[in-house]
K.L.:
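Below is one structure. I have some questions about it.
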Amino acid sequence: MKSAAAFFDVDETLIKMKSMFHFYQYWSDVCQWQEKHQHFTERFRHALSAGTAREELNRMYYREFAGVNINDLNRVGENWFNNFLQHDEAYISSAVDALRQHKSLGYVTVFISGSMLPILKPLGEHLGVDAILSAPLLINSSGILTGEIGEPQTIGRGKQRALLEFSQKNTINLTKSYAYGDDLSDIPMLEVTGYPVCVGADSKLAEYALQNKWTILEQNVPAT
């Protein structure tokens, strides 16, 4: 018998921040990478303004962590969570309530995010999700990040691919499943489930959701 799942984007869907950038600022403070962080921010803004594809922007981000030990990344990820995501104000309560309702009804609950596991794992444990689909970090035999990521990238079309592969492997009935997102880039993921949900009523995704008669979930507190 197939199960039903509820798939959740994370940044600005469940939490009010963009986790990758918030974490990188924290990591830079901990590791005294302030100059490196500043250079990255300048390069990233330039690439963004030049219309660089989101997939390449994502790769730019993870290349910043080349040479980092995964154990150090996990440890700082835990500390980051403890510092910033232990209070209710960090969360979009309507989406968190939906996740908890799905859990109570027996749905398989899944994070699907372009962020990385050292960031997402503490949050996933806190919210009790069953699985996390995240950026596939490439790590060598010594536990050191190469700075590259594998496939599928969990953004845009890659997010859809990750969802489909997970669903096939775990016999998920997608026609009875839900997906939650906040951005136009989430459309490929949302559209392959029976119940796509837009989180936030004031966005381009909300306009698309309205046109396609998708559910729109109000954010109790505007994302920051």
Side-chain angles (χ1 to χ4, degrees), residues 6-34 36-37 40-41 44 48 54-93 95-96 99 109-140 143-156 158-159 162-163 166 179-183 185-186 189 199 223-224:
F7 297 91
F8 287 82
D9 173 56
V10 175
D11 294 358
E12 300 183 321
T13 295
L14 285 167
I15 61 176
K16 296 176 186 175
M17 65 177 69
K18 291 187 178 294
S19 62
M20 293 165 61
F21 297 101
H22 195 283
F23 173 78
Y24 190 22
Q25 179 66 68
Y26 179 74
W27 171 271
S28 297
D29 291 341
V30 169
C31 300
Q32 298 185 335
W33 276 21
Q34 287 87 352
K36 180 178 170 72
H37 180 269
F40 166 76
T41 301
F44 188 90
L48 186 63
R54 285 195 63 172
E55 289 79 3
E56 182 56 32
L57 293 172
N58 224 36
R59 292 187 185 98
M60 283 179 60
Y61 175 87
Y62 286 110
R63 286 173 185 145
E64 292 294 291
F65 294 91
V68 170
N69 189 296
I70 187 61
N71 293 328
D72 293 335
L73 208 54
N74 287 330
R75 174 179 51 81
V76 177
E78 288 275 358
N79 292 339
W80 172 79
F81 171 81
N82 290 333
N83 276 286
F84 299 105
L85 291 176
Q86 288 278 25
H87 52 88
D88 291 342
E89 291 77 12
Y91 295 86
I92 295 171
S93 59
V96 173
L99 187 153
T109 52
V110 185
F111 283 172
I112 181 164
S113 169
S115 196
M116 58 179 158
L117 192 58
I119 297 173
L120 297 172
K121 184 179 178 182
L123 176 61
E125 292 173 349
H126 178 69
L127 294 178
V129 297
D130 298 300
I132 299 175
L133 305 179
S134 60
L137 301 176
L138 299 184
I139 305 169
N140 69 21
I144 305 300
L145 274 67
T146 68
E148 301 299 325
I149 53 177
E151 294 291 339
Q153 277 206 62
T154 43
I155 57 174
K159 186 177 281 191
L163 183 154
F166 176 88
Y180 293 76
D182 71 287
D183 189 82
S185 65
D186 293 321
M189 169 192 72
V199 179
T224 57

K.L.:
Report the C-alpha distance between Val10 and Ile15 in whole Å, list the side-chain angles of each, state the deciding distance to 0.1 Å, and finish with yes or no for side-chain contact (heavy atoms from CB on, under 4.5 Å).
P.N.:
CA-CA 6 Å; Val10 175; Ile15 61 176; 3.9 Å; yes
K.L.:
Using atom types as modelled and distance alone, determine if a side-chain donor or acceptor of Asn82 lies under 3.5 Å from a backbone N or O of Glu78.
P.N.:
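Such a contact is found between Asn82 side chain and Glu78 backbone.
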K.L.:
What are the two closest heavy atoms between Leu163 and Met189, and how far apart are they?
P.N.:
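Closest approach of Leu163 to Met189, heavy atoms only: CD1-CG, 3.5 Å.
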K.L.:
Would you call the rings of Phe65 and Trp33 parallel, tilted or perpendicular, where under 30° means parallel and over 60° means perpendicular?
P.N.:
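It falls in the tilted class, 30° to 60°.
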K.L.:
Tell me if a side-chain donor or acceptor on Tyr180 pairs with a main-chain N or O of Ala95 at a distance below 3.5 Å.
P.N.:
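No; judged by distance alone, with no hydrogens or angles, the pair does not exist.
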K.L.:
Is a side-chain N or O of Lys18 found less than 3.5 angstrom from the main chain of Asp11, in a donor-acceptor match?
P.N.:
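No, because the side chain of Lys18 does not come within donor-acceptor range (under 3.5 Å) of the backbone of Asp11.
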K.L.:
Do His22 and Leu85 touch side chain to side chain, with heavy atoms closer than 4.5 Å?
P.N.:
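With C-beta onward as the side chain, the pair stays apart.
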K.L.:
Closest heavy-atom contact between Asp9 and Asp182?
P.N.:
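That would be OD2-OD1, 2.8 Å.
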K.L.:
Please list every donor-acceptor pair under 3.5 Å in which a side-chain atom of residues 114-134 meets a protein atom from a residue at least two apart or in another chain.
P.N.:
residue: Ser115; atom: OG; partner: Ser19; partner atom: OG; Å: 3.1
residue: Asp130; atom: OD2; partner: Thr109; partner atom: N; Å: 2.8
residue: Asp130; atom: OD2; partner: Thr109; partner atom: OG1; Å: 3.1

K.L.:
Could you give me the CA-CA distance, side-chain angles and deciding distance for Asn79 and Tyr26, then say whether side-chain contact (heavy atoms from CB on, under 4.5 Å) is met?
P.N.:
CA-CA 10 Å; Asn79 292 339; Tyr26 179 74; 3.5 Å; yes
K.L.:
Tell me whether Ser28 contacts the main-chain N or O of Gln34 through its side chain, where contact means a donor paired with an acceptor under 3.5 Å.
P.N.:
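Checking the backbone N and O of Gln34 against the side chain of Ser28, no donor-acceptor pair under 3.5 Å is found.
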K.L.:
Is the number of heavy atoms from other residues, nucleotides or ligands within 6.0 Å of CD (Gln86) greater than 12?
P.N.:
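More than 12 heavy atoms, drawn from other residues, nucleotides or ligands, come within 6.0 Å of this atom.
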K.L.:
CZ/Phe44 to NE2/His37 distance, rounded to the nearest 0.5 angstrom?
P.N.:
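Between Phe44 CZ and His37 NE2, I get 10.5 Å after rounding to 0.5 Å.
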K.L.:
Could you tell me which residues satisfy side-chain hydrogen bond (donor to acceptor under 3.5 Å, both in side chains) with Glu151, sequence neighbours excluded, listed by chain and number?
P.N.:
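In terms of side-chain hydrogen bond (donor to acceptor under 3.5 Å, both in side chains), with neighbours along the sequence ignored, Glu151 is linked to no residue.
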